[in-house]
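Here's the structure, in structure tokens; my notes come after.
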Amino acid sequence: MALNVKTLENRAKKTLLEAQDLEQLEGVFKQYLGSKGELTLFLRSLAKLPKAKRKSAGKAANEAKATLSIVFEEQKKKLQKGSAQKGQEPFDVTAPGTRIERGHLHPITLVQRRAENIFRSMGFEIAQGPEIETEWYNFDALNIAKDHPARDMWDTFWLKPQNQRERLLLRTHTSPVQIRYMESHEPPLRIISPGRCFRYEATDASHEFNFYQLEGLMVGKDVTASNFKAVIQEFLTRLFAKPVTVRLRPTYFPFTEPSFEVDASCVICQAKGCSVCGGDGWLELMGAGMVHPNVLKAVGYNPKDWTGFAFGVGIERLAMLKYRVNDIRLFFGGDLKFLQQF
Amino acid sequence: MIFSYNWLQEFLKTPLPKAEKLRDDLALHVFEVESMEKQGSDVLLDVSILPQRSDCLSHMGLAREIAAIEKKELVEPEGLALKAQEGELPVLKVSVEDRILVPRYSALVVQGVSLSASPQWMQQRLEALGINSINNVVDITNYVMLELGQPLHAFDFNKIQGNAMHIRGAKKGEKLVLLDDTDMQLPKGTLIIEDASRIVDLAGIKGGKVSSIGKTTRNIVLQAAVFDRKKIYQTKKLINYRTTAADLYSHGIDPNLTMTALERAAFLLAKYGGGKIVQVVDLYQKPKKPSLVLFPKDATEKLLGTKIPQKESDDTLKRLGFKVTTKGVQVPTWRDDVAIVEDLVEEVGRMHGFHAILATFPKERIAPPQENQNQVWQEQLRDAFQEAGFTETYSYSFVGEKDVLLLEYSSKDKENLVEVQNPISADYRYLRMNLLDNLLKSVALNDKPMQGKSIQLFELGNVFSQGIKQPVEQGRVAGVLSSSRTPSQAFYEMKGIADLLFSTLGVTDSWYDEFEPQPDEGRQSLWTQGRSAEIKIGKNTEIGFLGQINPEVSKNLGISRPVVAFEINLKQLLEHALEEREYRPASRFPPALRDIAVMVPLETRVVDIMNVMETAGGEEVADIDVFDIFEGQGLPEGKKSLAFHVVYQAEDRTLTNEEVERFQRKIVTALETNPGWEVR
């Protein structure tokens, strides 16, 4: 009798595993374990056996029932999964996702926004001004003397004069915005002035005749070069999302005294030395300095009461470093293959 | 300027650091070195002398700076005491018209010079620094200039007619043939030197051919003059002619240097050219004295935020040639750039090293920065475009002569262009008067590469046109769509984009009107009549245009598909922008949807039909939406069919079928009161 149970179990198991679909599987299940199934009937027949035999045969039959139930459930799951796939188109999780067409902001916009947010968080206000400027705002008020070779540092686009009016130019930096702002505001103040500027120069991979600059100005009671270093280091660290240290070196600008060339530890190689930084680990990034007393005087501030720092950096230069763009001309080329990468 | 390492070494008592270290030290304390080049046993350094440091435009000058940086002792070059000896030459009479333009005129008359080649080492040095060797006399003038920064010039004494030299401003129409045979027209007022009968020299810039040193020269005038900085700078620009001497003069030189330079030249001449000094000229009416600048003890720390010990500060200044006195700091006459206390702070700070400044955040209280509202709105516009699938582009602020043709500028447009006096090239001669012209060029550029994908671009920027008194600068926003959609589909899509921008800014009173070309408005040739609209705001303020770009223009640019675009005046738009927004609870009651199709004459405007429907339907009409515009096949000639979804919804109840039907009938009746309209 016990042997029969085992044979029955093996046969049932084999048939269960051979079932091709759920319907077939249910059929096999009924055949053995349904109310009129072979094993069910066998269990019922045990009642007629003598007590001693009944016990051992009953145990074997119950074990067989449990085993077959498990096999049935497993096989059911397997077939369910299979049938779900069968009913639909082929499915491949590794196939690429649907491409969602989206719009793109220009990299200059992206970097400018990031810069604006960082400076805003440090208390700087955003100031804007015109792109056509007078000599006064672009040069004279900034202590850039007429008839001095220093004025040649800014190759300037001049507008063709009409009638007898004042000679006009395209601003060579956004410093005029600082002058205009100071004329209408009292210190202390902190501003940044991002905007389009123009230089009369030949274009190449790192020069453009129109470009974007971000200038900053802070004027207060005890503003020092040391403050500038802290602010600019914080800015660069946040912009490039990695620690940046800043090194100041002497240079000359008519509107600052002293003036600084600002080097930043290379954000590409972490100051180890690479082709971008020319191997010495430093990137020449921007100009800066302590606002020249003559500039403060030109806007009606008393230089005895106020000091300030100012700086200027090319937004394309920052974007080129941030996104590893190797040619500044791409920014104004209008090529969608470039623009759609941002 | 190019410097010779070995030459610099001659002015220092102890050895210079290696060239690489010297380069790094210079960069940290004074100037950047652009390049270094080994040449034989020498190294040539290309140093960027900053424009205010004309005192360093010479080997001696840079050596003085190096001596201070490296804490080394400076050695002055050997000179010869200038003593006139008895000679056979007549006395040279020198006179100056304007002493302000010629603060000092020093010269030697040397008799019996023997002209020959200069020594080999001198020739090599000059040539390494880019100066051709001519003969011993000319070479010595150049050598001393590179060494001390004082331009020298040698005249042939015998060619100075009447033994007279007069320095004056040129009169209108005067000319001079220069040493290099340039026939120079002299602008009025240019400083020149004339002898008894003719002009012999373009003062401070280049010698004249008539007075030049030649093979027969025996007697010379060796000039070490100082000319007005500005005058030479202006002349150099006016005649567009550059020489090393002119560059030196326009940066400004120390008037107390002329005699030192002549002593040095005399020393070299005695050694390599012979002759004897027979006359020393020195017209110097107002000798320049050192200036005094007050230097409070706390000045450096106040400006740099870093303390530098008093002793270090004093020592630094002394090494640079300043005198520290109880009254203040005495500035040497070669340091014209130092005039105020901040200049002294720079001297002390850079020698200490600006790189040693520590970073400390400002102590000042931070007031929350003012929000620049215009700028916030501009960013919102950018975001709205991006969300709608547009790509931002930045174009040049210029257009060129070709563009004026291709983009079909009217003669009025051309008059309105702002012209650049010194354009980079003809392609960038004018300032852009709109954004679309350059945006269309970008569309053309991407036409093929995008292989049939639609091109959707936008830009924010300033444009320029002629105003009554001066050019007018105006902020604009523009978008373009070039796609395979029909021009009508594209038109409605772009109109939707414009509406999206308006709703982003909370502008509620914008509308569209028939396009009517006005001769005084710019760039009308861009638009296709009948397929363009004026964008208006408020009562009747035109703020821009929307429509299909003139197919002729598209064709000229090589754009293969129809383009629909708009351009809006940013300032006028932002004036109507509103920050506030009010929430209106959505109705809890279900909406009912009905469709209405109406056949109308082709020229009927959708807006007029919708107005009728809205008025007739009353408050319960929640929304009307055009979902189909159809004309052509199956319709009578001159008719089009419009289909609308009308959404009925009440705030306070569920509308019954009967109510909805009643509203719908009211609308139909209202539409049909117009005899040309037929509800289908």
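- The residue from A:T224, A:D222, A:N227 that alone fulfils the side chain to side chain contact (heavy atoms under 4.5 Å, CB included) condition with B:P362 is A:N227.
- Heavy-atom distances place the backbone of A:F124, and not its side chain, under 4.5 Å from chain B.
- Salt bridge annotation for A:D152-B:K236: absent, with no cationic side-chain nitrogen under 4.0 angstrom from a carboxylate oxygen.
- Under a 3.5 Å cut-off, the side chain of B:E342 and the backbone N or O of A:P293 do not form any donor-acceptor pair.
- Contacts of A:Y212 with chain B are made by side-chain atoms alone, with heavy-atom separations under 4.5 Å and no backbone atom involved.
- Between B:F398 and A:F157, the distance separating the two ring centers is shorter than 6.0 angstrom.
- Ring geometry, B:H251 versus A:H148: the interplanar angle exceeds 60°, so the pair is classed perpendicular (tilted spans 30 to 60°).
- With a 4.5 Å cut-off on non-hydrogen atoms, A:T156 touches chain B through its backbone but not through its side chain.
- With a 4.5 Å cut-off on non-hydrogen atoms, A:T109 touches chain B through its backbone and its side chain both.
- There is no contact between A:P303 and chain B, counting heavy-atom distances below 4.5 Å.
- Only the side chain of A:L170 comes within contact range of chain B, judged by heavy atoms closer than 4.5 Å.
- Top candidate by heavy-atom pairs under 4.5 Å with chain A, chosen from B:S395, B:S442, B:S250, is B:S395.
- With a 4.5 angstrom heavy-atom cutoff, A:F309 does not touch chain B via any of its atoms.
- Closest approach of A:P250 and B:L28 over heavy atoms only: CD-O, 3.0 Å.
- Of the two parts of A:E201, only the backbone, made up of N, CA, C and O, holds a non-hydrogen atom closer than 4.5 Å to a non-hydrogen atom of chain B.
- Heavy-atom pairs under 4.5 Å with chain A peak, among B:V345, B:L50, B:I340, at B:L50.
- Here the side chain of A:E257 pairs no donor or acceptor atom with the backbone of B:E346 at under 3.5 angstrom.
- Proximity of A:Q128 to B:Q375: side-chain heavy atoms (C-beta onward) are separated by under 4.5 Å at one or more points.
- If you measure heavy-atom distances from A:E131 to chain B, the contacts under 4.5 Å come from both the backbone and the side chain.
- Of all non-hydrogen atoms in B:P471 and A:L168, the two that sit nearest each other are CD-CD1, 3.5 Å.
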